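Everything quoted here is computed from the prediction, not taken from an experiment. In what follows, residues are counted from 1 in the order of the sequence shown. Values below: every heavy atom of this structure, side chains too, minus hydrogens, waters and symmetry copies.
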Amino acid sequence: MSSSSAVNPIAASVADRPSAIEAHSLVFRYGERTALDNVSFSIARGEIFGFLGPNGGGKTTLFKILSTLSPLQSGNAAMLGHDLAMDTTAVRRKLGVVFQHPSLDGKLTVAENLSHHGHLYGMRGSDLRDRGAAALQRLGLSDRAGDLVETLSGGLRRRVELAKALLHSPELLLLDEPSTGLDPAARRDFSNYLSHLRDHDGVTVVLTTHYLEEAERCDRIAILDGGRIVALAPPNELKASVGGDVLVIQTGDPEQLQRKILQRIKLKSQIVDGTVRVERPRAHEIIRDVVDAFGDEIETVSFGKPTLEDVFVHLTGHRFVTEAEPAEK
């Protein structure tokens, strides 16, 4: 994405590692609607990888496929050395999954939730008790083992979900919108623990998110829009791909102002959601020129360094939307 000739250390490191997931030409449809359109990607072992995009972009459908809840329709994928279409049982043994919607029983204690989950993986007796205690200790939940889940805060419940997913020591952790319902502090704590899992246990973490700050903390992200991957790179590399700083001008007639800016100042721009957006290195230097020339037509002007939302706008021409994905039929 970047024009720099310098080698990106994250990209170089990823290229040297064996892959955790390889997906090629995935297509998935709900009736006449295409949810995934020729999606291909590779995720290395031991990285935190995020799928970023608005609701309706294809994240939920992709998560269902990777978590083996939905079968492949077209294309092929391998996870941890197993064919996703042929070896789903082997894949499931190596997966830990945290769903967007809670999967805990609120009427059971924290320890009871972990115990029941362990039984699904054939764990019994002292092995199950030891693993459950270790998972709770790692997540700072040991003193809450006897508490009913329904009495816990949202952040603590999310940590219990993670402890449950890690109980059988998975090699790959899949998380669907893991920060939904958490306050910013709880989101940071959760992200910090994911980094700990990567750094100390070598766990590969794959998550979907629409939170830009959560995507910023991933090693690499794939931006999904309309069922397609429109970009895939480390967050900083994606932001560097935007053509400089971002100047956003609010005006009553954006089309007319866009034409005038091009004619008089020779600046190219985009119109996004009724605003005129200019991407240019050192854009702050032209604010005075724009205001002096078109002050009567300008309502507000804002300026900032590129964000991941700016990357999304740059690539798609529109902002994040909240259209829900269709239910599977």
Side-chain angles (χ1 to χ4, degrees), residues 1-14 23 36-44 47-60 62-63 175 177-179 184 187-188 191 194 205-250 254 258 267-284 286 301-323 325:
M1 297 296 298
S2 173
S3 60
S4 172
S5 60
V7 176
N8 184 294
I10 293 176
S13 175
V14 166
L36 296 177
D37 186 3
N38 196 34
V39 168
S40 299
F41 57 89
S42 177
I43 299 174
E47 75 169 320
I48 298 178
F49 189 97
F51 290 99
L52 172 68
N55 294 333
K59 302 191 308 296
T60 297
L62 184 56
F63 182 86
L175 307 104
E177 300 282 358
S179 293
R187 287 204 295 269
R188 285 193 298 272
S191 292
L194 295 183
V205 179
V206 180
L207 59 89
T208 69
T209 185
H210 64 275
Y211 289 115
L212 300 176
E213 66 271 24
E214 188 167 45
E216 289 270 10
R217 303 192 65 156
C218 295
D219 297 321
R220 293 188 302 149
I221 59 174
I223 296 180
L224 279 164
D225 182 54
R228 286 180 165 273
I229 291 179
V230 296
L232 194 161
N236 286 340
E237 188 173 327
L238 288 171
K239 289 185 290 185
S241 71
V242 176
D245 303 324
V246 179
L247 193 67
V248 179
I249 306 169
Q250 189 82 39
Q258 183 186 43
L267 286 177
K268 293 182 179 180
S269 61
Q270 285 179 292
I271 295 178
V272 180
D273 292 347
T275 64
V276 179
R277 294 173 58 92
V278 177
E279 297 173 2
R280 174 189 171 99
R282 302 180 65 82
H284 63 280
I286 65 166
V301 177
S302 63
F303 158 80
K305 297 295 182 182
T307 65
L308 286 178
E309 183 175 11
D310 292 320
V311 173
F312 185 86
V313 171
H314 175 78
L315 293 169
T316 68
H318 61 84
R319 292 181 179 276
F320 276 28
V321 294
T322 56
E323 176 188 355
E325 292 191 25

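Rounding to the nearest 0.5 angstrom, the gap separating the CD1 atom in I221 from the OG1 atom in T209 is 9.5 Å. Atom CD1 of I43 is separated from atom CD1 of I48 by 12.0 Å, given to the nearest 0.5 angstrom. Rounding to the nearest 0.5 Å gives a distance of 11.0 Å between NE2 of H318 and CD of Q270. The structure places OG1 of T60 at 6.5 Å from CD of E177, a figure rounded to the nearest 0.5 Å. Taking CG of L247 as the reference point, atom OG of S269 lies at 10.0 Å (rounded to 0.5 Å). Rounded to the nearest 0.5 angstrom, R277 CZ and D310 CG are separated by 4.5 Å.
When atom types are taken as modelled, the side chain of K59 and the backbone of P54 share a donor-acceptor pair closer than 3.5 angstrom. In this structure, the side chain of E214 does not engage the main chain of Y211 through any donor-acceptor pair within 3.5 Å.
Contact annotation: the side chain of V313 never approaches that of V246 to less than 4.5 Å [non-hydrogen atoms, C-beta and beyond].
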Side chain to side chain contact (heavy atoms under 4.5 Å, CB included) between R217 and R187, intermediate numbers included
CA-CA 11 Å; R217 303 192 65 156; R187 287 204 295 269; over 6 Å; no
Could you give me the CA-CA distance, side-chain angles and deciding distance for L52 and L212, then say whether side chain to side chain contact (heavy atoms under 4.5 Å, CB included) is met?
CA-CA 8 Å; L52 172 68; L212 300 176; 4.1 Å; yes
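For the pair D245 and R280, the salt-bridge criterion is not met [side-chain N within less than 4.0 Å of a carboxylate O]. The pair E213-R188 does not count as a salt bridge, with every side-chain nitrogen at least 4.0 angstrom from each carboxylate oxygen.
Classification of the F51-F41 ring pair by plane angle, with boundaries at 30° and 60°, yields perpendicular.
When all heavy atoms of A215 and L308 are compared, the pair lying nearest together is CB-CD1, 3.8 Å. Closest approach of Q258 and V276 over heavy atoms only: N-CG2, 4.5 Å. Closest approach of V272 to G317, counting heavy atoms only: CG2-O, 3.9 Å. Shown here for R220 and S42, the closest heavy-atom pair between the two residues is NH2-O, 2.8 Å. Taking all atoms of both residues into account, the shortest heavy-atom contact from P178 to T208 is CD-O, 3.4 Å. Counting all heavy atoms, side chain and backbone alike, G58 lies closest to L224 at C-CD1, 4.2 Å.
Screening I229, L232, V311 for a side-chain contact (heavy atoms from CB on, under 4.5 Å) involving I223 leaves a single residue, V311.
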